[in-house]
Asker: 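Before I ask anything, let me first share the structure, which is written out below as structure tokens.
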Amino acid sequence: MNVSDSFKDPELCKKLLEQLHNELDAPLRFMEVCGTHTVAIFQSGLRPLLPKEIVHLSGPGCPVCVTHESEVAAFLDLAGKDGVILATFGDLMRVPGPKGRNLKLAQAEGARIEIVYSPLDALKLAQNNPNDTVVFLGVGFETTAPTIAASIMMAKQQNIKNFKVLSFHKMVPPALKVLLEDPECAVDAFLLPGHVSTILGMEPYHFVAETYNTPGVITGFDPVDILQSLLIMVEQRKTGKASIVNQYKRAVSDSGNAKAREIMFSVFDVAEAQWRGVGTIPDSGLIFKDEYEEFDALKALNITLRDVPQTPGCKCGEVLKGKMQPNECPLFAKACTPAKPVGPCMVSTEGSCAAYFKYQVTA
Amino acid sequence: MSESTLLLDHGSGGMASNRLIGDLFFKHFGNPILNEMNDAALLNITGPITMSTDSYTVDPIFFSGGSIGTLAVHGTVNDVAMLGAKPRYLSCGFILEEGLDMSTLEKIVIEMAEAAKEADVLIVTGDTKVVPRGCVDKIFINTTGIGELILPEATSGAHAKPGDAILVSGTMGDHGLTVLSNREGLNFATDVKSDSAPLNHIVAALINEIGDIHVLRDPTRGGLATTLNEIAGQSNVTMNIVESQVPVRESVRNGCSFLGLDPFYLANEGKLICILPQEKAEAALTLMRSLKYGEEAVQVGTVLDPENAPGKPGQVVLETPLGGHRLLNMLEGEQLPRIC
């Protein structure tokens, strides 16, 4: 058995589950901040095996889900503009914008949209199409922002003028602060995001435990990771002393990736950002520094984010704040399905509504 | 071929067309029926027959383990075979882009001829159109196949019964990940290759030597998950699939993990699902494993009576290694790589 398999080992999981059932002495409401955790819990079939007293809440950690309506509208405004090629990760193609339009539909109507696997592919696209402007849709958290920043630095070094980025990046720790300060927030502990933490390390989360006395465990995506993390949460609650624990040491160093942060903050400054369903959060977004502003698609293409009315009835915001389970939304599986999503939580591969719809055994 | 580039002239019906047909298609596909050169092929076939058609538009046209040509033969041969038939004849229609390199076309035609020979089918009629540059992406191929039913009653997706075993002939997702990684130049997946292969010989052996085959299906687009859902729906049964039993190559698993894709939804072009009574499963597996393209055959699950199963009629439930259950749903749209 290799190292990676050992974190899926059914026998070990069985023991950890037993331990969890034995040691749980009160209901535990934990929030998996990251959408990939949501999917991992469903995919592994762990959910029905956990003690019933454990309630898992989704968090604001799916980058597609928290992309604000006005930002989605900006993508759609850009799609089809003369001389513009949009380059995007695949997740964004089906996210509904105003009047239910999405990039898939725009593409079918003639917009030039390329799905790429890395921002460097978008840079290549710009080099191969010198007469067009290639706009990369910069959506994501601290995980993706450094590579996007690196592509911008490369564009500057190579003097590639027709490459632009819409920077709609979001940063995770400020969103946790908003949740913790919400009087309705009923989170006992946080399952902290593994991917984001490879960049951030532990330091940006310490306030969760120190200021709000709430445990947080940085963890991976295998069942053993998740079960060990739940046991750490239960243990911390018993002792009454909250702290941040790095359970995912095989991928996340305690200090994170300093080089990646350096690249990210060479290109971007921290600014407020709008989060779908959550609102405006100070210091949670990334905007271009002056020396890189020539690559800012907002400025280069003169785009203004416009007010877009919220979709009536969509409770994605409540789901993202852990105040509602996806299947409690009145639209869930009725007006809102993966075939016809009303909100992004139903369309993103990491969306909690999509996971509920996709993986739940219904009888 | 004396000419090196395909021109609109080659689709004109005149001398250039004749040269193309003679120097390329007849040269490689030639057989007594095709060589008659009539408007239609005169076939010696006894009914009942099965018939299937498919159009192939893959990008890139050459990939590790195959090409659009091998796919065009294997895909239709396999579809014809999945009703429990012996594929006999194929038609072949080409829509070609002006400017296509003639050596590329010849390579594809040679691969098709070799694939047809291995599958023991004849390409008996065809058509070629050349369209202006930009109207088609290099080459599209349509093949139609017909075959003779081996059994009096065809297998069908509606014949799965509670208590049946669900077998697959090998690993899942190889073709889908190969095409994706070749298209995008993703170098993490250098050792994956398409499983494109003819399955009719396995089908004939299963029918002749095992018998009582209820369902045969090749899980192409939409992969294993989608195909099982289709069968579960047609048969109005629940299926229990044991996740740890479904064979997936390590390289495919890792590639999928990197891209946020699920190998259960990736296309296969050389694998079949066979559903038959549980008491015949071991013999069927032994037989498949003794045949080319069936060496890695395994039982992946069981058909259940919805009355006594997790899940509703028509649902496919996945039993995870932890012993939990979750739905294995049909895919909505195409799989798209995720952000993080």
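Basis for what follows: all heavy atoms, side chains included, without hydrogens, waters or symmetry-related copies. Just so we're on the same page: letters track the sequence lines, and every chain starts at 1.
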Asker: Among A:D9, A:L17, A:L49, which one satisfies side-chain contact (heavy atoms from CB on, under 4.5 Å) with B:L322?
Answerer: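 Considering A:D9, A:L17, A:L49, a side-chain contact (heavy atoms from CB on, under 4.5 Å) with B:L322 is found only for A:L49.
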Asker: Do A:Y117 and B:L180 have side chains that get closer than 4.5 Å, going by heavy atoms?
Answerer: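 Yes; the side chains approach each other to less than 4.5 Å.
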Asker: Any side-chain heavy atom of B:R326 within less than 4.5 Å of one from A:Q43?
Answerer: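 Yes - at least one pair of side-chain heavy atoms lies under 4.5 Å apart.
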Asker: Of all the heavy-atom pairs spanning A:P10 and B:P321, show the shortest one and how long it is.
Answerer: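 What the structure gives for the nearest pair is CB-O, 3.4 Å.
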Asker: Is the CZ atom of A:R261 crowded by more than 12 outside heavy atoms at less than 6.0 Å?
Answerer: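 Correct, the count exceeds 12.
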Asker: What residue in A:A354, A:P48, A:A339 has the most heavy-atom pairs under 4.5 Å with chain B?
Answerer: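 It is A:A339.
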Asker: If I take atom CG from residue B:N329 and atom CZ from residue A:F357, how far apart are they, to the nearest 0.5 angstrom?
Answerer: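 Atom-to-atom, B:N329:CG and A:F357:CZ are 6.5 Å apart.
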Asker: Hey, could you give me the CG/NZ distance between B:L328 and A:K358, rounded to the nearest 0.5 Å?
Answerer: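 So the CG of B:L328 and the NZ of A:K358 are separated by 8.5 Å.
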Asker: Sort out for me which of A:S44, A:C62, A:S348 touches chain B most, counting heavy-atom pairs under 4.5 Å.
Answerer: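 The residue among A:S44, A:C62, A:S348 with the greatest pair count is A:S44.
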Asker: Within the supplied structure, the quantity of interest is the number of heavy atoms (other residues, nucleotides, ligands) at a distance under 6.0 Å from B:R133 CZ; does it exceed 12?
Answerer: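 It does not: B:R133 CZ has 12 such atoms or fewer within range.
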Asker: What part of B:E319 gets within 4.5 angstrom of chain A, counting heavy atoms only: side chain, backbone, both, or neither?
Answerer: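 Neither; nothing under 4.5 Å.
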Asker: Which bit of A:R47 comes within less than 4.5 Å of chain B, counting heavy atoms only: side chain, backbone, both or neither?
Answerer: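 Nothing of A:R47, per the 4.5 Å heavy-atom cut-off to chain B.
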Asker: Atom NZ of residue position A:K340 - does it have more than 12 heavy atoms of other residues, nucleotides or ligands inside 6.0 Å?
Answerer: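 No, NZ of A:K340 has 12 or fewer neighbouring heavy atoms, counting only those of other groups under 6.0 Å.
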